[in-house]
Asker: 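Structure incoming, see below.
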Amino acid sequence: MSPDSLLQQPLFGIALSVVCYSLALALYRKWSWLHPLFITSGLIIVFLLSANIPYEAYRKGGDMLVFFLGPATVALGIPLYKNARRIRSSLPSILGGITAGSVSALILSAAFVWSLGGSQELMVTMMPKSVTSPIALEISRQAGGIPELTAVLTVLTGLIGSMFGPGLLRLCGVHDDIALGTAIGTAAHGIGTARIIRDSELQGSVSGFAMGAAAIITSILFIPLYGLFR
């Protein structure tokens with residue numbers, strides 16, 4: 001099989017992703033603050049650019065991996081079920097934190113773009129960046145934003161939140177598992193949830209709940225809050 005024909009196979013994108021992720025895990029063991037997804041993305045980008053390989057060649061295999069994000073997200077329901085009683089007992093405070101975080105994320109994003117003189121299209125694109133990618137992309141698409149740019153901003157938000165969020169919260173004196181899970185799930189969606197569930201199953205379960213609730217709250221409040229800046 002020639003190199004050109006190999007690049008046209010989905011196996012290329014899958015193999016490249018697996019190899020880069022394996023290297024990322026090795027680096028993560030040395031520098032635990034670095035999220036493996038951040039390292040993996042960087043390695044893939046560098047390899048494609050240095051080898052002059054078009055993104056479309058990688059995407060054929062990459063899309064197959066994206067398909068499994070759905071089942072992986074559903075799997076977060078297992079720790080959520082196991083800790084349902086703890087979450088139920090603190091439900092009012094959790095929902096209050098999620099609502100405050102969701103509203104803050106929408107308003108601050110819109111205010112940032114508005115203060116710099118950005119367009120309405122850019123504002124719509126950036127506002128839903130703190131919720132999980134499928135919801136963020138659909139909000140952006142329906143409201144007239146740029147879904148592709150929303151996807152980039154959403155992933156970056158999740159990566160930054162997962163890498164620096166837990167440490168920053170603890171530095172500010174937040175040590176409670178439920179409070180940490182609520183904050184990370186609201187601000188850093190699935191990427192942040194996948195990060196903190198390694199530290200605490202309770203944190204991960206609360207974060208998974210916060211991720212889903214934040215997506216619902218953001219979808220409902222997006223239009224009225226966007227209207228404040230029109």
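Values reported hereafter were calculated over all heavy atoms of this structure, with side chains retained and with hydrogens, waters and symmetry mates removed.
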Asker: Show the nearest heavy-atom pair for residues Leu106 and Met127, with the distance to one decimal.
Answerer: CD2-O, 3.5 Å
Asker: Any sub-3.5 Å donor-acceptor pair from Ser207's side-chain atoms to Gly185's backbone N or O?
Answerer: yes
Asker: Under a 3.5 Å cutoff, is there a donor and acceptor pairing between the side chains of Tyr58 and Ser17?
Answerer: yes
Asker: Looking only at non-hydrogen atoms, find the nearest pair between Ile196 and Gly181 and report the distance.
Answerer: CD1-CA, 3.9 Å
Asker: May I ask you to establish whether Arg198 and Tyr28 are in a cation-pi arrangement, using a distance under 6.0 Å from NZ or CZ to the six-membered ring centre and at most 45° from the ring axis?
Answerer: yes
Asker: Sub-3.5 Å donor-acceptor pair from the side chain of His189 to the main-chain atoms of Thr157, do we have one?
Answerer: no
Asker: So which heavy atom on Ser133 is nearest to which on Thr154, and how close?
Answerer: OG-CG2, 3.6 Å
Asker: To check you understand the geometry: which heavy-atom pair defines the closest contact between Ile191 and Leu37, and what is its length?
Answerer: CD1-CD2, 3.7 Å
Asker: Using the rule given for side-chain contact (heavy atoms from CB on, under 4.5 Å), can you reason through Leu221 versus Val103, listing the C-alpha separation, both sets of side-chain angles and the distance that settles it, and then say yes or no?
Answerer: CA-CA 8 Å; Leu221 298 181; Val103 171; 3.5 Å; yes
Asker: Rounded to the nearest 0.5 Å, what separation is found between the CG atom of Asp176 and the CD atom of Gln203?
Answerer: 9.0 Å
Asker: Would you check if the side chain of Thr99 reaches a backbone N or O of Gly96 as a donor-acceptor pair within less than 3.5 Å?
Answerer: no
Asker: Measure the shortest side-chain to side-chain distance between Leu108 and Phe112 over non-hydrogen atoms and say whether it is less than 4.5 angstrom.
Answerer: no
Asker: State, to 0.1 Å, how close Pro128 and Thr150 come at their nearest heavy-atom pair, and which atoms those are.
Answerer: CG-CG2, 4.2 Å
Asker: Looking at Arg141 and Glu138, does any basic side-chain N land under 4.0 Å from a carboxylate oxygen?
Answerer: yes
Asker: Please test Val131 against Thr186 for side-chain contact (heavy atoms from CB on, under 4.5 Å), starting from the C-alpha separation and ending with a verdict.
Answerer: CA-CA 7 Å; Val131 298; Thr186 302; over 6 Å; no
Asker: Which heavy atom of Ala24 sits nearest to which heavy atom of Pro36, and what is that distance?
Answerer: CB-O, 3.4 Å
